[in-house]
Every structure is written in structure tokens, then in C-alpha cells.
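FYI, the numbering just counts along the sequence from 1. Note that ligands are numbered from 1 as they come in the structure, with each ligand's atoms numbered from 1 the same way.
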Amino acid sequence: MSRTVYLNGDYLPEEEAKVSIFDRGFLMADGVYEVTSVLDGKLVDFDGHLARLERSLSELDIEKPAAFDDLLEIHRELVARNNVVEGGVYLQVTRGSAGDRDFVFPDPEVVKPTLVLFTQSKPGLADSPAARTGIKVISIDDIRWGRRDIKTVQLLYPSMGKMMAKAAGVDDAWLVEDGHVTEGTSNNAYIVTGGKIVTRDLSHDILHGITRAAVLRFAREAQMEVEERAFTIAEAQGADEAFITSASTFVMPVVEVDGVKVGSGAPGPVAVRLREIYIEESRKSAI
Ligand code: PDD
């Protein structure tokens with residue numbers, strides 16, 4: 001069945017939502033996005049996603065396309081119209097279309113941003129079979145640009161990384177720069193070693209995950225020790241546990257890195273517990 005999507009002020013059947021061939025998102029990957037997960041038909045961590053969207057837009061000098069309240073209303077309307085119980089809402093803002101191709105940004109007084117939202121229904125998001133077995137990853141070079149803290153739609157290399165993982169018969173790839181893991185193709189990466197949860201510290205090198213912030217907060221509240229620092233693939237292979245976080249996977253155990261089992265080769269207790277806490281708390285606070 002056709003979804004209802006949102007484009008620049010209108011709710012439309014997906015077949016009727018059309019964007020110009022001159023849109024800078026299409027020509028230049030000049031746009032940013034957010035993915036907000038939906039549990040029980042409600043939005044998880046909406047304020048966090050909106051705050052990061054505002055930051056991404058301001059770092060790129062793209063005008064905010066709508067007020068916070070309007071964006072919340074659009075998210076809720078799409079979830080309701082498409083009967084999404086578990087899944088996500090994808091939001092994208094591009095710098096818009098100047099009606100031609102030019103490297104120079106168009107005048108923001110004249111060219112307005114393009115705003116697109118659509119839902120993705122994913123039953124089984126919380127009770128995920130993958131979370132019971134854990135996932136396997138390979139490592140690949142991180143050759144992305146230097147502002148990974150901005151959530152841009154330049155996702156070609158992460159897509160290539162997923163294809164490299166697929167070709168290697170595993171689920172995902174961890175990106176490595178200067179000998180250290182930055183993050184996963186579309187998630188933040190963690191290990192559990194020496195009784196501590198270790199994950200890369202925040203900088204321009206990684207996306208500041210909204211799930212990461214929540215999970216670290218819950219971990220600290222549960223008296224787990226957290227260390228924000230870089231780690232190597234060898235350290236991950238020798239760790240007790242590994243896992244990833246994102247809006248689309250929540251907390252997902254990682255059981256193999258470059259063909260080497262992590263810990264027992266099964267999801268570890270810290271990852272399993274954090275997943276439970278994250279889902280439980282998210283259900284409570286979703287709006
Ligand atoms: N990806 N790092 C990268 C490179 C990401 O693309 C993502 C999210 C994350 C986790 O961020 P958050 O916890 O805010 O989802 C980390 C989304 C889910 C995507 O591209 O579909």
C-alpha cells in the first residue's frame with residue numbers, strides 16, 4: 001500500500017511527491033537528515049534528534065525549514081496516517097533548488113530549503129531476532145570527510161561499507177582511522193573491557209549519536225563505568241563484549257570482529273541489559 005509522505009507543506013501519496021532535478025540534495029549531497037525511531041506508535045528521543053538537526057543545519061548555513069512544534073506535528077501526523085507502530089520517521093532537509101547547477105550556495109532569501117519526511121514501518125524492531133544472536137562486523141578504512149559530526153546525506157561510502165560487509169558474509173563494517181575505530185557505517189561502536197564500557201569520545205570524527213547519549217546516561221545511572229576514548233580492532237577482538245547503538249538498531253550486540261569471536265561469541269550481559277533498559281526507558285519517555 002502506498003505511504004503518505006510529506007513534501008514542503010503537503011501530505012501526498014508517495015508516487016506524487018516529486019523534487020526538482022536541480023535540488024542540491026540530488027546534485028551535491030547538500031542536505032542533512034535525521035532518523036527518529038517509533039515504538040508503540042510514539043517518537044523516541046524526538047528532542048535529541050531535533051537538537052542535532054538544528055546543529056547540522058546551522059553548521060552548513062541551511063535555514064531551518066519549520067518550527068520545532070510544526071516538525072513534531074508532521075512526524076506525528078505521518079506516524080498516524082501510515083499506522084506505524086514500530087519503525088522510524090526519516091526527515092531530510094536540503095538547501096533546495098536554485099533551478100540550475102552551481103557550486104556557490106544560492107541566496108537563502110530566494111531559495112528555500114526542501115523538507116521531506118517519510119515513515120518506515122519495521123515490525124519486530126524491539127523484539128529483533130538479530131539482537132538474540134548478535135551481529136558480525138569487519139573493519140574497513142574510514143575514508144569519509146572530516147565533519148562526520150554533521151549528519152549529511154553523503155552516505156555513499158557507508159553504503160559501500162555495508163556492501164563490503166555483505167560480500168564478506170557479515171552484517172556491518174566498523175570504520176578505522178589511524179589504527180582506531182571511529183564508528184560503524186551507520187551506528188556508534190562500543191566494547192566492554194576491564195569492567196568498563198569503552199566508546200570513542202565525541203569530536204568531528206564521529207556522529208554524536210542520540211542513542212549513544214541516552215545509552216551512556218542509562219549505563220552511568222546503572223552504576224556501569226564508562227570510558228570515552230578510542231580503541232583498536234585488536235582491543236575489540238580481545239574484549240569481553242562489543243555492541244553498536246543507533247536509532248534503527250537500539251543496542252545491538254556484536255559477536256565477531258574480522259572473523260574473531262568477541263568474548264564467548266554470544267551477546268554479552270552488558271549489551272543485553274543495556275538493550276533492555278534502553279527499550280524500556282524509551283517506551284516510557286516516547287512522545
Ligand atoms: N544512522 N554514526 C553514524 C555514522 C550514523 O549514521 C548513525 C545513525 C549513528 C547513530 O546515531 P543515532 O543514535 O542518533 O541514530 C552513528 C541512522 C540511523 C541512519 O543513517 O539510518
Is it true that [X] and [Y] make a salt bridge, defined as a side-chain N closer than 4.0 Å to a carboxylate O?
X	Y	answer
Arg148	Glu177	yes
Arg144	Glu183	yes
Arg81	Glu14	no
Glu34	Arg52	yes

Could you list each nitrogen or oxygen of ligand 1 that sits under 3.5 Å from a protein nitrogen or oxygen, with the atom names and the distance?
{"residue": "ligand 1", "atom": "1 (N)", "partner": "Lys151", "partner atom": "NZ", "Å": "3.2"}
{"residue": "ligand 1", "atom": "1 (N)", "partner": "Ser186", "partner atom": "O", "Å": "3.3"}
{"residue": "ligand 1", "atom": "2 (N)", "partner": "Glu183", "partner atom": "OE1", "Å": "2.7"}
{"residue": "ligand 1", "atom": "13 (O)", "partner": "Ile210", "partner atom": "N", "Å": "3.4"}
{"residue": "ligand 1", "atom": "13 (O)", "partner": "Thr211", "partner atom": "N", "Å": "3.0"}
{"residue": "ligand 1", "atom": "13 (O)", "partner": "Thr211", "partner atom": "OG1", "Å": "2.6"}
{"residue": "ligand 1", "atom": "14 (O)", "partner": "Arg52", "partner atom": "NH1", "Å": "2.8"}
{"residue": "ligand 1", "atom": "14 (O)", "partner": "Arg52", "partner atom": "NH2", "Å": "2.9"}
{"residue": "ligand 1", "atom": "14 (O)", "partner": "Ile210", "partner atom": "N", "Å": "2.8"}
{"residue": "ligand 1", "atom": "15 (O)", "partner": "Ala247", "partner atom": "N", "Å": "2.8"}
{"residue": "ligand 1", "atom": "20 (O)", "partner": "Tyr33", "partner atom": "OH", "Å": "2.6"}

Verify whether one side chain among Asp258 and Ser139 offers a donor that lies under 3.5 Å from an acceptor in the other.
yes
State whether a side-chain donor-acceptor pair under 3.5 Å links Thr185 with Lys162.
yes
